[in-house]
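Because only heavy atoms are used, hydrogens play no part in the values below, and waters and symmetry mates are left out as well, while side chains stay in.
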Amino acid sequence: WFFCFSSRRRHTRYISVTGVQTCALPIYLFVIGEAGVTWLLAPGSPGNPGSPGSPGNDLEGRLGLGAWRHTGTFDQFDGGEEHGTAGLYIVFDQWLWREDRAQGIGFFAQFAHADGSISEIDYHADAGVAWTGFLDGRDDDVTGLMASYVHFTDEAGAGFTENYEWAIELFYKLQLTPWFSLKPDL
């Protein structure tokens with residue numbers, strides 16, 4: 001058995017049954033944070049013409065803005081090294097229709113930016129719809145359709161012949177147990 005902890009930026013100490021050992025494994029941090037707002041469109045309000053007083057049919061929405069930072073060392077496409085990298089993202093989710101508290105149709109969209117000097121994809125955006133409980137008897141399964149756009153870095157040495165890529169994805173998430181699901185897509 002062993003227990004790892006960081007003693008220095010580039011080394012790990014671990015305690016084993018034979019005593020304290022040092023190995024030269026790099027230890028870097030990945031930190032992510034998000035802030036945002038949530039809202040409810042109640043039945044009968046503008047944007048949600050459902051029946052007033054229908055419990056559980058509020059249309060929840062969320063807008064989040066996040067940032068991440070990785071303290072590792074990365075190879076740049078021009079042959080250099082970059083110590084640490086960071087990125088930003090924004091997410092939007094909105095229920096469009098609710099059958100009940102756990103089932104219905106929702107819209108989602110997200111945008112992300114990463115450092116193009118080390119990341120092959122410097123911009124990514126997608127949007128789509130997802131229907132939870134589409135099939136009778138499969139209340140926790142999710143069916144969805146989304147469009148995705150990625151922009152490849154313009155950095156010399158990345159080797160891309162195209163600047164971007166579009167994809168359309170149809171997916172079905174089969175919830176087999178509360179903790180296990182399968183999600184094939186086309």
Side-chain angles (χ1 to χ4, degrees), residues 28-42 45-48 50 56-72 74-77 82 84-135 138-155 158-176 178-186:
Y28 301 112
L29 295 176
F30 177 80
V31 180
I32 189 167
E34 181 177 308
V37 296
T38 60
W39 57 84
L40 290 176
L41 298 177
S45 67
N48 185 3
N57 286 346
D58 289 345
L59 300 179
E60 300 166 342
R62 175 179 78 104
L63 179 66
L65 177 63
W68 57 268
R69 173 97 176 127
H70 193 298
T71 64
F74 300 90
D75 293 331
Q76 294 177 316
F77 292 113
E82 185 167 327
T85 188
L88 299 170
Y89 67 91
I90 188 168
V91 293
F92 174 80
D93 298 299
Q94 177 64 58
W95 280 100
L96 303 174
W97 170 79
R98 299 288 284 272
E99 180 178 343
D100 59 31
R101 191 78 188 134
Q103 298 177 350
I105 299 172
F107 173 81
F108 60 89
Q110 50 193 341
F111 173 82
H113 169 69
D115 182 356
S117 69
I118 60 169
S119 179
E120 295 175 339
I121 297 171
D122 53 2
Y123 295 99
H124 169 258
D126 66 45
V129 293
W131 189 341
T132 304
F134 172 69
L135 297 176
R138 302 296 311 167
D139 296 346
D140 297 326
D141 291 1
V142 181
T143 303
L145 179 67
M146 69 173 270
S148 176
Y149 169 85
V150 295
H151 180 266
F152 299 118
T153 183
D154 295 329
E155 291 288 319
F160 291 107
T161 57
E162 301 292 331
N163 292 331
Y164 65 91
E165 179 178 282
W166 278 99
I168 304 293
E169 180 178 339
L170 175 66
F171 64 88
Y172 187 84
K173 184 178 109 177
L174 183 64
Q175 193 68 45
L176 299 173
W179 52 269
F180 183 75
S181 65
L182 292 176
K183 188 178 176 184
D185 59 43
L186 297 172

Contacts of type ring-ring contact (aromatic ring centres under 6.0 Å, His included), residue F171, not counting sequence neighbours: none

List in chain and number order the residues that pass side-chain contact (heavy atoms from CB on, under 4.5 Å) with R138, two or more places apart in sequence or in another chain; answer none if no residue qualifies. L135, D141, Y172, L174

Looking only at non-hydrogen atoms, find the nearest pair between S119 and F77 and report the distance. O-CE1, 3.6 Å

Kindly give the heavy-atom pair with the smallest separation between A130 and V142, and that separation in Å. CB-CG1, 3.8 Å

Under the side-chain contact (heavy atoms from CB on, under 4.5 Å) test, which residues partner W95, sequence neighbours left out? L59, E60, R98, T132

Side chain to side chain donor-acceptor pair (under 3.5 Å) with E34: which residues, sequence neighbours excluded? R62, Y89

Closest non-hydrogen atom pair, G144 against L170: O-CD1, 3.2 Å

Tell me, please, which residues at least two apart from H70 pass ring-ring contact (aromatic ring centres under 6.0 Å, His included). F74

Parallel, tilted or perpendicular: rings of H151 and Y149 (30°, 60°): tilted

F160: partners by ring-ring contact (aromatic ring centres under 6.0 Å, His included), with sequence neighbours left out: F152

Considering non-hydrogen atoms only, spot the tightest contact between G84 and R69 and give its length. C-NH1, 3.5 Å

One should read off an interatomic distance between W131 CH2 and T143 OG1, to the nearest 0.5 angstrom, of 8.5 Å

Under the rule for side chain to side chain donor-acceptor pair (under 3.5 Å), what residues qualify as partners of D140, not counting sequence neighbours? none

Show the nearest heavy-atom pair for residues T153 and G116, with the distance to one decimal. OG1-O, 2.6 Å

Across all chains, not counting sequence neighbours, the side-chain contact (heavy atoms from CB on, under 4.5 Å) partners of F111 are I90, H113, Y123, A125

Hits for side-chain contact (heavy atoms from CB on, under 4.5 Å) against W39, two or more places apart or cross-chain, chain-then-number order -> V37, L41, L63, F92, Q94

Should the heavy atoms of other residues, nucleotides or ligands under 6.0 Å from CD of E120 be counted, would the total exceed 12? no

I'd like to check the side chain to side chain donor-acceptor pair (under 3.5 Å) partners of S181; sequence neighbours left out, ordered by chain and number. none

Test side chain to side chain donor-acceptor pair (under 3.5 Å) applied to E155 - qualifying residues, sequence neighbours left out: none

Shortest non-hydrogen pair, A67 vs L88, comes out as CB-CD2, 3.7 Å

For F107, is the CZ atom crowded, meaning more than 12 foreign heavy atoms sit under 6.0 Å from it? yes

